[in-house]
There are 2 protein chains.
Amino acid sequence: MSASQSVDATAPSGPCLDGRDDDALVARWRELLDRHARTTGALEKVLQERHQLGVSEFEVLERLAGCDREQNRMQALADTVHLSQSALSRLIGRLEADGLVSRSMCSDDRRGIFACLTPAGRERYEAARPTQRQLLAELLND
Amino acid sequence: MSASQSVDATAPSGPCLDGRDDDALVARWRELLDRHARTTGALEKVLQERHQLGVSEFEVLERLAGCDREQNRMQALADTVHLSQSALSRLIGRLEADGLVSRSMCSDDRRGIFACLTPAGRERYEAARPTQRQLLAELLND
DNA sequence: GCACAAAGGTTGCGCATGCATGTAGTGTCT
DNA sequence: AGACACTACATGCATGCGCAACCTTTGTGC
């Protein structure tokens, strides 16, 4: 899928000012969109039907599993998975409702809240990880 | 399968038991997520506030501007921008409501529908393109 | 101690998306 | 022609997201 002929969006009615760099840039952009869409799409599907997890849910679990110290502030978590605070708050709510994480208040800063993996959460994550890794290997290696 | 703590996704330089490939894979995955989130986020914001366009809207306009022949079937369009058929239908609906595209029925296949840029649509796209290209250049070149 | 601004998190709301379904047109087989 | 499967769009519905408003806690200045 090269960008050899159809990318020149200025085709008939515009002077093509910076054509070649532009084409390369757009090609990279589309490559990124393509790859992202394919990967998240497939991942979403397989993680959902085999582990009842969405992509964002899995990513959060992975972050939590990575450092299972109580250092998982909501805000920091939101940043690492690129979600708004509200989205992350509800996501954690869902995971908590499923018994996969638990919210625990922080002692020294009473407005901060830590999200921690429960044993069930860790188990679910460990089970889902190979699935995700395999798909990643398939879709990211080309 | 010792899967107790070998992912150490956030550990700085931990000894990886079963996964150097794994770490590299995950790193690439996160790089992809990162780049995508940053770019779409910034793009969404700037395109919205300066041209009243979303990222998907812009992408569709670009595809339409690319080949302004009447060969833009809804389904094909949906595929190229990675949207479901329903999402694209509504998106075209919005663009049509804004007067940026028009739906025209196809003569030889009466269930097929072509989406075409209106002059206003082309104008809007031409105006938005430099904005998008500049941001792409900033965020994709590293 | 008492305002007042700012930060962390939650909730109300509108919107875009995907899935499932509905409707219309096409092609095939009998 | 009539029945059937299939394709192309549109639409009802549920869900997840971001923005803005809100509440609580912290820190700063008086």
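In what follows, chains carry the letters A, B, and so on, assigned in the order in which the sequence lines appear, proteins first and then strands, with residues in each chain numbered from 1.
In the 5' to 3' direction, nucleotides of DNA chain C lying under 4.0 Å from heavy atoms of chain B begin and end at C:dA16 to C:dT26.
The base of D:dT7 lies close enough to the side chain of B:R111 for a donor and an acceptor atom to sit less than 3.5 Å apart.
In this structure, B:Q85 reaches the bases: a heavy-atom distance under 4.0 Å links it to at least one base atom across the strands shown. Among the atoms of the strands shown, base atoms are found under 4.0 Å from some heavy atom of A:R90.
Note on B:E31 versus B:R28: no salt bridge recorded, every NZ/NE/NH1/NH2 to OD/OE distance being 4.0 Å or above.
Here B:R110 does not reach the OP1 or OP2 of D:dT7: none of its side-chain N or O atoms lies under 4.0 Å away.
Distance, A:L83 CG to D:dC19 P: 12 Å, rounded to whole Å. Rounding to whole angstrom units, CD1 of residue B:I92 and C1' of D:dA8 are separated by 14 Å. One atom, CD1 of A:I113, and another, C1' of D:dT26, lie 15 Å apart when rounded to the nearest Å. Spacing between atom CZ of B:R73 and atom P of D:dC9 amounts to 6 Å, rounded to whole angstrom units. Rounded to an integer number of Å, the gap from B:M105 CE to D:dT7 P is 22 Å. Look at CG on B:D108: it is 18 Å from P on D:dT7, rounded to the nearest Å. In this structure, B:L91 places its CG atom 14 Å from C1' of D:dA10, rounding to the nearest Å.
Here the CZ atom belonging to B:R110 is positioned 10.5 Å from the SG atom belonging to B:C106, to the nearest 0.5 angstrom. Here the NE2-CG distance, from A:H82 to B:D34, works out to 3.5 Å after rounding to the nearest 0.5 Å. Once rounded to the nearest 0.5 Å, the distance linking CD of B:E59 with OG1 of B:T40 reads 11.0 Å.
Looking only at distances, a side-chain donor or acceptor of B:T39 sits under 3.5 Å from a matching main-chain atom of B:R35. A:R63 places a side-chain N or O within donor-acceptor distance of the main-chain N or O of A:T80, the cut-off being under 3.5 Å.
Partners of B:T131 according to the side chain to side chain donor-acceptor pair (under 3.5 Å) rule, which considers only residues two or more places apart in sequence or in another chain, are B:H51.
For the pair A:E57 and B:S86, both in contact range of DNA chain D, the more 5′-proximal nearest nucleotide belongs to B:S86.
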